[in-house]
Amino acid sequence: MIELQGLSKTYRSLFGARVVPALDDLTLTLARGEVVGVAGPNGAGKTTLVSLLLGYLSPTGGSLAIEGVSPRGWIERHGAGYLAELVAIPGRWPVDAALRRYATLARVPSGRVTERVDTLLQEFGLADQRAKRVRELSKGNLQRLGLAQALAGDSDFVILDEPTHGLDPLWTQRFRDVVHDLRRPSRLILIASHNLDELERLADRVLILHQGRLERVVTAGAGAAPAPGVEVAYRLALAAPHAALQQIFPAAAAVEGRAAEWRVRGELAALNRGLADLVAAGALVTAFGPEESRLESEFRAAVGGGR
């Protein structure tokens, strides 16, 4: 759906004396049917990339096209769902009226606007807030209103910038259901976030940006096992301490503040053999999992340990 070829963007300092690179030589393809995450430290180029994809900015070098046309041209014809990192809706507008305006701008047929607004209010838990003015909303409710306006239309291109910002744990979980329901073969969903755990859960692949460059593209989810011979760190939790633990995992280190939980390290096959021996010795394992997800490991490697 979207082709980036050598995409670059630079800015000039206030008085034009210094060129500041924001993106440098991005080449990749984003396809319909995907949920693509974008991660990176502050200043990595995420906001610039989003602005280029929406046609708010023009590239300094390279090219960017959505199905062969400029982003702005494509969006003017087909529309796009967009949640900005900072939700900015006029504070004097009532919630209901705000969604009506956004639904109209999203080309919802006039005869279906009321139905669409009622559905959005219900889906995002704002039905009891509909008469409030936007400035009266809590931070979490404002974020949910931002999500509702972004999804008022039915575009095949959706960009969500820090979508879980300000959401409580319950609505962060519900957001996962929202993304699941948004998936369809014709739609591309792009999620820019600092929350690696959410990207791991939601995205098919994650673009890791650092200092304006695309450092790596990570397939999210469980991912592939570590290469043979590579040591990995895991957390092991038992129902109760067991004498066999130190014999089987002599380097096991207790996790501070966690009863009956240890950190073990080794090659994955050896860890599996040790775990089998531990169970055979009578230990009751309650949890065994990696200290950090594959995405977290890849992110740390790509940006040199920074977050």
query = Less than 4.5 Å apart, any side-chain heavy atom of Val69 and any of Arg77?
reply = yes
- Item | Val35 backbone acceptor or donor facing Asp204 side chain under 3.5 Å | yes
Scanning both residues in full, the closest heavy-atom pair of Glu34 with Val36 reads OE1-CG2, 3.7 Å
Review point. Transitively linked via ILVMFWY side-chain contacts under 4.5 Å: Leu99 with Leu151?
Key: yes
**Item:** Whether Gln129 side chain and Lys132 backbone form a donor-acceptor pair below 3.5 Å
**Value:** no
Exercise for the section: Please step through salt bridge (Lys or Arg N to Asp or Glu O under 4.0 Å) for the pair Asp154 and Arg107, ending with a clear verdict. Expected result: CA-CA 9 Å; Asp154 193 36; Arg107 302 173 186 171; over 6 Å; no
Salt bridge between Asp118 and Arg130, side-chain N to carboxylate O under 4.0 Å?
-> yes
Residue pair Leu26 / Leu207, side-chain heavy-atom distance below 4.5 Å: no
**Message:** I want to check something: taking the side chain as every heavy atom from C-beta on, are Glu261 and Thr286 in contact at a cut-off of under 4.5 Å?
**Reply:** no
So if you build clusters from Ile, Leu, Val, Met, Phe, Trp, Tyr with side-chain heavy-atom gaps below 4.5 Å, do Leu147 and Leu145 land together? yes
When you compare the side chain of Ser8 with that of Leu23, does any pair of heavy atoms fall below 4.5 Å? no
With the 4.5 Å side-chain cut-off for hydrophobic clustering, are Met1 and Val206 part of the same group?
-> no
### Query
Any idea how Phe157 and Trp74 line up, ring-wise: parallel (<30°), tilted (30 to 60°), or perpendicular (>60°)?
perpendicular
Q.
Could you check whether Arg273 pairs with Asp277 (Lys NZ or Arg NE/NH1/NH2 to Asp/Glu carboxylate O, under 4.0 Å)?
A. no
Nearest heavy-atom contact between Ala192 and Pro163 is O-CD, 3.7 Å
Smallest heavy-atom separation, Pro71 atom then Leu53 atom, equals CB-O, 3.2 Å
Here the gap from Thr27 atom OG1 to Glu3 atom CD, rounded to the nearest 0.5 Å, amounts to 9.5 Å
Query raised in the report: Tell me, do Ser293 and Phe299 make a side-chain contact under 4.5 Å, heavy atoms counted?
Result: no
- Message: Looking at Arg176 and Glu198, is any side-chain nitrogen of the basic one under 4.0 Å from a carboxylate oxygen of the acidic one?
- Response: yes
CG of Asp168 to OG1 of Thr164, rounded to nearest 0.5 Å, is 11.0 Å
message = Contact between Gln211 and Val303 at the side-chain level, heavy atoms closer than 4.5 Å - yes or no?
response = no
>> Tell me whether Gln173 contacts the main-chain N or O of Leu170 through its side chain, where contact means a donor paired with an acceptor under 3.5 Å.
In response: no
- request: Kindly determine whether Leu271 and Leu236 satisfy side-chain contact (heavy atoms from CB on, under 4.5 Å), including the steps that lead there.
  value: CA-CA 10 Å; Leu271 290 176; Leu236 168 65; over 6 Å; no
Original post:
Passes side-chain contact (heavy atoms from CB on, under 4.5 Å), Val134 versus Val87? Steps please.
Top reply: CA-CA 11 Å; Val134 171; Val87 179; over 6 Å; no
Requested in this report: Would you check if there is a donor-acceptor pair between the side chains of Arg187 and Ser155 at a distance under 3.5 Å?
Outcome: no
| said: Between Asp197 and Arg201, does the side-chain contact (heavy atoms from CB on, under 4.5 Å) criterion hold? Intermediate values first, please. | reply: CA-CA 6 Å; Asp197 180 61; Arg201 293 171 183 269; 3.1 Å; yes
Open item on the list: Is any side-chain heavy atom of Tyr11 closer than 4.5 Å to one of Thr60?
Closed with: no
Rounded to the nearest 0.5 angstrom, the CD-CG distance for Glu162 and Leu83 is 9.5 Å
Checklist line | Trace of the side-chain contact (heavy atoms from CB on, under 4.5 Å) decision for Leu238 with Leu278 | finding: CA-CA 10 Å; Leu238 302 179; Leu278 190 60; 4.0 Å; yes
When rounded to the nearest 0.5 Å, the distance separating CZ of Phe249 from CZ of Arg265 is 14.0 Å
Applying side chain to side chain contact (heavy atoms under 4.5 Å, CB included) to Arg116 and not counting sequence neighbours gives Val108, Thr119, Leu120
Test your reading of the model: is there a side-chain donor-acceptor pair from Lys9 to the backbone of Ser58, 3.5 Å cut-off? yes
Is there a donor in the side chain of Glu292 and an acceptor in the side chain of Ser297, or the other way round, less than 3.5 Å apart?
yes
Here the gap from Leu126 atom CG to Leu121 atom CG, rounded to the nearest 0.5 Å, amounts to 6.0 Å
Using the rule that Ile, Leu, Val, Met, Phe, Trp and Tyr join whenever any side-chain heavy atoms are under 4.5 Å apart, tell me whether Ile189 and Val217 fall into a single cluster. no
**Item:** Pair Arg32 + Glu67: basic N to acidic O under 4.0 Å
**Value:** yes
message = Using a 3.5 Å distance criterion without hydrogens, assess whether the side chain of Lys46 forms a donor-acceptor pair with backbone atoms of Val38.
response = no
Using modelled atom types only, decide if a donor and an acceptor are shared between the side chain of Ser51 and the backbone of Tyr56 within a distance under 3.5 Å. no
- Is the side chain of Glu136 donor-acceptor paired with the backbone N or O of Arg133 at a distance under 3.5 Å, no angle test? yes
For Val218 and Arg294 the tightest heavy-atom approach is CG1-NH1, 4.1 Å
d(Leu64 CG, Leu52 CG) to nearest 0.5 Å is 6.5 Å
Exercise. Flag yes if more than 12 heavy atoms outside Arg72 fall under 6.0 Å of its CZ atom; otherwise flag no.
Key: yes
Hey, any chance Leu188 and Phe175 share a hydrophobic cluster, counting ILVMFWY side chains that come within less than 4.5 Å of each other, even indirectly? no
Nearest heavy-atom contact between Pro59 and Gly62 is CB-O, 4.3 Å
Distance-only side-chain donor-acceptor flag, His165 / Gln143, under 3.5 Å: no
Closest non-hydrogen contact found for Asp128 with Gly125 is OD1-O, 3.8 Å
Sorted by chain and residue number, the ring pair (Phe, Tyr, Trp, His ring centres under 6.0 Å) partners of Trp171 (sequence neighbours excluded) come out as none
